[in-house]
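As the structure is a prediction and not an experimental result, all values here were calculated from the model. Scope of the values below: all heavy atoms of this structure, side chains included, with no hydrogens, waters or symmetry mates.
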Amino acid sequence: MTVVKLLFAVLLLSIKIASAREPELNALQVLEKMNHAMEVLNYQGTVAFLKNGKLEPMKYVHAAAKGVQQERLLSLNSPLREIIRDAGKVSCLFKESQQSIVDHRPFERSFLVDVPRNLDEVGAIYQFEVVGEENVAMLPSYVVAIQPKDNARYSRKIWIEKKQFLPLKIVLYDNQGVPLEQVVFTEIEVKDSLPFIDVKFLDSIHPAKHIHQLQSQSSDQAAFIVTELPKGFREVFFTRKPMHNAEQPVDHLLLSDGFTSVSIYMESKSAAMQSGLQSVGAVNSYSRTINNYQLTVMGEAPAETVKFIAEGIKLRDLKD
Amino acid sequence: MPEDLNQKISQFLDNELDHVQALNLLKKVQLQSELQDKLNRYEAISHAMRTDIFLLTKADFSKKISQQIQKEPVYLLPQHKAFKPSHKQIAVAASIAIVAVIAGHSMNDPDQYPKTALAVQVAQNQLPEQPANSAGYANQAAQDPLNKRINDYLQAHNSSVYTNGEADFQRFARVTAYSHK
């Protein structure tokens, strides 16, 4: 009888151990947990942005309370500046000049990485896979690969911490697998709470320059029509507003496939314009003239993609 | 030394020989140490003309590689008979070694690195001397209307300009270089 009891106890213990073991998560589950963690947790650390061949280390703070979030970056190198994002608005205060910029960007959520909330929508164009586990900032992390199913966009990997599910490292790769951009935490800590900064206070002290004051408009007003797009791209934002000077409005249509964003700009032709392909870090742009207009397509996408989109654009027939 | 051999070495280094001609030349080079020295010298001159930096190998470098290859044990399992290296095999091995040395040199040529994925430095920090809306800035903008246009586009495209240290570019930074494709 004692032996039976002992066996039963061992069996119970085995079941307990088995149930306590961490369940295997797939890539979509890990990314969904990451999206949630990024929104609800209070965390801070040091993050390095490696873009355009330039390393920019910054202090990072994310405060969250009652469904409200604030993201804050403090540069460690010149030009010294503090950047605050809350509710679709990015405010940047320059310490030396005491000037500030308020940039209305309702279509972005994070300085670190924007992963679509509904990943099923992008399943047709990207595949997601946990490709390994590595340590970043001495924290064990899942390595999630986000691989496009065509060559019209770049691939990414995100290193996601295994306990809190915060992104510790994000790398954008070109189609040959060479890293183009990186964002990586060198240290990070999760807190119970973190203070919010009163951006209105900054606005009242320093003269702020507002960049995007307009809300998204209907793209039916655009001077152009996009006839061909790579699979999955859709319109996110359209605005017509002065950009370089007060007299000359520029049409700006922002497209996105969930991960990759591409902007289309059209304005009146001037002498200062240059046609053809150009690249700035991971950003490729293609410009061409259509009658008296200059068209530029720009985005963190392969050169072939921006050229393909640009060549499929034609002027809107005003009779339409 | 026949003049046509010199010419062939020169053509070989300029990648103007076809496969058969190149192999014939390498076989001859393998048999004549004088030709090997000449090949090394021509290669060094050619490399120095193309770049400022090059690795100078010793004259007997390829010979030493060839000797090392001969010393290496060769396993051709499951055959049990002893392997006897023939002259033909030695010649091929030495040819491969020479090609490897030359290929190695050309890979070290900084001009031949793939440029597609190299990040491009775009921002040149400039300490502000005048207010953003001053005549000084207006002059600078007039000098670089293309840069200003691209900066405006980049800024409107996404907020990465803030993390790149390129925000408030009207005062601090301007785009200075692009890689034209």
Side-chain angles (χ1 to χ4, degrees), chain A residues 47 49-54 56 58 73 75 77-79 81 83 85 90 92 94 96-97 99 101 103 105 108 111 173-174 176 178-181 183 209 211-212 239 243-244 250 252 254 261-263 265 267 270-274 276-285 296 298-300 303, chain B residues 112-181:
Chain A
V47 64
F49 294 87
L50 181 59
K51 293 181 179 179
N52 302 344
K54 189 177 177 184
E56 188 75 40
M58 297 181 121
L73 287 167
S75 69
N77 297 334
S78 290
R81 61 205 182 279
I83 307 148
R85 181 200 299 276
V90 174
C92 183
F94 289 84
E96 288 156 8
S97 64
Q99 288 197 332
I101 294 175
D103 192 352
R105 315 190 71 89
E108 294 171 356
F111 291 117
Y173 299 91
D174 72 6
Q176 282 73 48
V178 178
L180 292 169
E181 292 182 349
V183 180
K209 178 186 175 185
I211 292 183
H212 281 170
T239 183
M243 200 174 277
H244 322 299
V250 180
H252 175 203
L254 180 69
S261 59
V262 171
S263 284
Y265 300 96
E267 60 184 294
S270 75
M273 294 175 171
Q274 193 171 340
L277 274 170
Q278 292 182 317
S279 65
V280 183
V283 177
N284 283 302
S285 72
T296 298
M298 169 187 283
E300 295 90 351
Chain B
Q112 295 186 14
Y113 280 150
K115 293 182 174 62
T116 52
L118 287 179
V120 180
Q121 180 68 39
V122 296
Q124 178 183 356
N125 292 335
Q126 293 183 324
L127 288 175
E129 292 175 355
Q130 298 179 48
N133 53 0
S134 70
Y137 167 63
N139 288 341
Q140 180 184 313
Q143 286 165 7
D144 287 314
L146 175 65
N147 290 342
K148 177 170 171 13
R149 183 178 309 280
I150 296 295
N151 267 334
D152 288 344
Y153 287 169
L154 282 170
Q155 192 281 328
H157 176 63
N158 64 29
S159 59
S160 66
V161 287
Y162 298 106
T163 54
N164 281 354
E166 292 162 25
D168 197 13
F169 29 79
Q170 290 90 341
R171 289 176 56 80
F172 291 103
R174 62 195 176 95
V175 175
T176 55
Y178 295 95
S179 65
H180 290 263
K181 295 192 176 179

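With sequence neighbours left out, the side-chain contact (heavy atoms from CB on, under 4.5 Å) criterion links A:Val283 to A:Met298, A:Glu300, B:Leu154. With sequence neighbours excluded, the residues that form a ring pair (Phe, Tyr, Trp, His ring centres under 6.0 Å) with A:Tyr265 are A:His252, B:Tyr153.
Pairing each heavy atom of B:His157 with each of A:Glu108, the nearest pair is O-OE2, 4.0 Å. Smallest separation of non-hydrogen atoms from A:Met243 and B:Ala156: CE-CB, 4.0 Å.
Looking at A:Val183, there are no atoms closer than 4.5 Å to chain B (heavy atoms on both sides), in backbone or side chain. For A:Ser261, the parts lying under 4.5 angstrom from a heavy atom of chain B are both the backbone and the side chain.
The most heavy-atom pairs under 4.5 Å with chain B, out of A:Ser75, A:Ser263, A:Gly276, come from A:Ser263.
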